[in-house]
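Here the structure is laid out as structure tokens; the discussion comes afterwards.
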Protein chains: 2
Amino acid sequence: MDIEDGSAKLIDVARLANCSPATVSRVLNGNPNVNEIVRDRVVRAARELGYVPNGSARALRSTRTRLVGAIIPTLDHAIYATMVDALQARLSEKDVSLIINTSGYDIDLEYEQARLLVERGVESVVLVGSTHLPATLAMLEQKRIDYVYTYTSKAMESGAAVGFDNEKAGRTAARYLLDLGHAQFGMIAGITQDNDRAAGRRDGFLNELERSGIDRATVPVVEGAYRLDDGRRCMERLMEEGTRPTAVFCGSDILAAGAIKCCHAAGIAVPRQVSIVGFDNLEIAELTSPELTTLEVPARDMGRIAADYVLASPSQRLHLRQRELAIRLIVRESTAPVRR
Amino acid sequence: MDIEDGSAKLIDVARLANCSPATVSRVLNGNPNVNEIVRDRVVRAARELGYVPNGSARALRSTRTRLVGAIIPTLDHAIYATMVDALQARLSEKDVSLIINTSGYDIDLEYEQARLLVERGVESVVLVGSTHLPATLAMLEQKRIDYVYTYTSKAMESGAAVGFDNEKAGRTAARYLLDLGHAQFGMIAGITQDNDRAAGRRDGFLNELERSGIDRATVPVVEGAYRLDDGRRCMERLMEEGTRPTAVFCGSDILAAGAIKCCHAAGIAVPRQVSIVGFDNLEIAELTSPELTTLEVPARDMGRIAADYVLASPSQRLHLRQRELAIRLIVRESTAPVRR
DNA sequence: TTGTATGCGTTATCAA
DNA sequence: TTGATAACGCATACAA
């Protein structure tokens, strides 16, 4: 293997293989109409030169970048990191690269990140949730860039969605706690501002309670960022209520873990005095004491299926535009029937 | 704003602004030698057309892609996801995009991912650890692509490193436990095959014990993947030893959390019967009962500093080639002096 | 089955 | 300060 000063180009491979650039290009792109012997010479020459195609030139000429973008709130939360892990793994099986950007739950920043992705020529964009600036979607549509919502199952006019129904998930939590006999509820939600998923779970929870005759105005809802100490603080506030809730639904396992810590510190028994339901089914759900009852979010599945969507041909995509995944209730130790 | 069928190109902006493409290019690239009035016309025209530059063409012509690659073992472990989060945040401040690939701790797969990154034209690559195929590094060097090791402070002949000394970290854990009076040790290490960091921590731990007169052959070391259940299983094996260890160092907080779960199940009191030290200081270290004594890995700092390195000019980089960050011991509740 | 010629959209070089 | 022109590396249409 020669040590090249710069880098071998396609034409250098052609020269060494004693054929034309077009033939090299054909071999590189798997075009079957190439003589076996010539193909072999080309492959050998490319290897000898350590030839690596120039993706920019390729993209410019073919208008196919084999680049996909993803904009997620943060990688610092396992629920997103795991989705991205699965997404990337699937894409790279097909030699598609993933550019990943974080928005910090800020839809204005998300717009800026989207612009950068458009400039990079991504062929599709994976987004989280369905709350986005109209300008963001308009830009993607103008550039004919497909996008997929994740963590939600609401597909809009354009775009696709692979995820779950947050409202339904909230209702599931409420129904489970109602069935345990609880009558005093509280909720620790994520920040619902510009966050349709957090808002959906809250609304579903309150809707289901209301269907059972509980006035939603009597259910205290506090919001916190997805951090342990916010969960703790929120639980403290809930426990200051005149009539303490006996059942608390948390919008995330992190918040729930914080809530449990609060109870430990305050000497409140879980689940004897208060039942706590989390959301996500992160690894930490097995680490709290008591272990956490929670709703399982299929993060890995979403990543894989979103990848399959963007890898699909435009005609196949029509059938894949909306995919609702099931949310499972995982019952562990943090919930119990209400005490009489 | 017009609704474009395809997408406006630089020449369209030039036409609308009534100037040459060259001038538009100058404005877009912040070249100061442009008349104020013309500049304004160009900016206005670009906005009106919803113009977004074609990154591929730009890259092809200028040989600057503003793309950085990262290859990490997995995003499914907070210690890496957090580093990448910080890395990406810093890069995007400078309009540099990050392509992220996972290798699953497989250095052959890492090579394939590196090849893909080279093809995409990344200007730098962020790697984890210092164990890589020679072919991987050779390829990067041949293509004049800078690379940075993270999670290690060992810089090689070429390349840079921002991280910490794993061997020293292992010794720190040993020293702490020795000072608590322990004499029977065990270790639950990560898989050390092709993993210099896991091996380094193990070696440091054993080295320090040996310096205190403990024969390393008498210290049981079991290896597990970074998963809760592996931690549990490894701890079970350690507890089957003839003379049970009174102090166990785990190569990761995940393993340590699993070990604590094992102790709960087996009725072994932590830290009264066995002290456990973790590694990473993940959020979960505060969720175990007892809370975990551990060594803090500066994941966020590594990401930020690695970003600063790849963003630096070649001349600046010389001063930044090696950066060792401190590892702090965080004492919580899972360790105690040995019982007499 | 192979080769020749052209152009993708941009920036760099040069001249004006 | 501005414009004309060429070239980046490759894939494709077309010719042979």
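All chains are named by letter (A, B, ...) in the order of the sequence lines, taking the proteins before the strands, and each is independently numbered beginning at 1.
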Legend entry - Salt-bridge criterion met for B:Arg66 and B:Glu123 (N-O under 4.0 Å): no
Legend entry - D:dG9 OP1/OP2 closer than 4.0 Å to side-chain N/O of A:Tyr51: no
Inset, instruction - Assign each of B:Asn35 and A:Leu28 to its nearest nucleotide of DNA chain D by heavy atoms, then name whichever residue's nucleotide is nearer the 5' end. - result: B:Asn35
Legend entry - Phosphate-side-chain proximity, B:Asn33 and D:dT2, N/O vs OP1/OP2 below 4.0 Å: no
Inset, instruction - Verify the contact: side-chain N or O of B:Thr23 to OP1 or OP2 of D:dT2, cut-off strictly under 4.0 Å; return yes or no. - result: no
Inset, instruction - Could you check how far CZ of B:Arg64 sits from P of C:dT10, rounded to whole Å? - result: 18 Å
Legend entry - OP1 or OP2 of C:dT10 under 4.0 Å from side-chain N/O of B:Ser25: no
Inset, instruction - Please list, by residue number, the residues of residues 54-62 of chain A whose heavy atoms come closer than 4.0 Å to an atom of DNA chain D; answer none if no residue qualifies. - result: A:Asn54, A:Ala57, A:Arg58, A:Arg61
Inset, instruction - Please check if any side-chain donor atom of A:Lys154 sits under 3.5 Å from a side-chain acceptor atom of A:Ser130, or the reverse. - result: no
Legend entry - Given DNA chain D, 5'-ward residue of the pair B:Ser20 and B:Thr63, judged by closest heavy atom: B:Ser20
Inset, instruction - Determine, stepwise, if the pair A:Val148 / A:Ser124 fulfils side-chain contact (heavy atoms from CB on, under 4.5 Å). - result: CA-CA 8 Å; A:Val148 201; A:Ser124 320; 5.6 Å; no
Inset, instruction - Five pairs at each end of the helix from C:dT1-D:dA16 to C:dA16-D:dT1: take the axis at both ends and give me the angle between them to 10°. - result: 30°
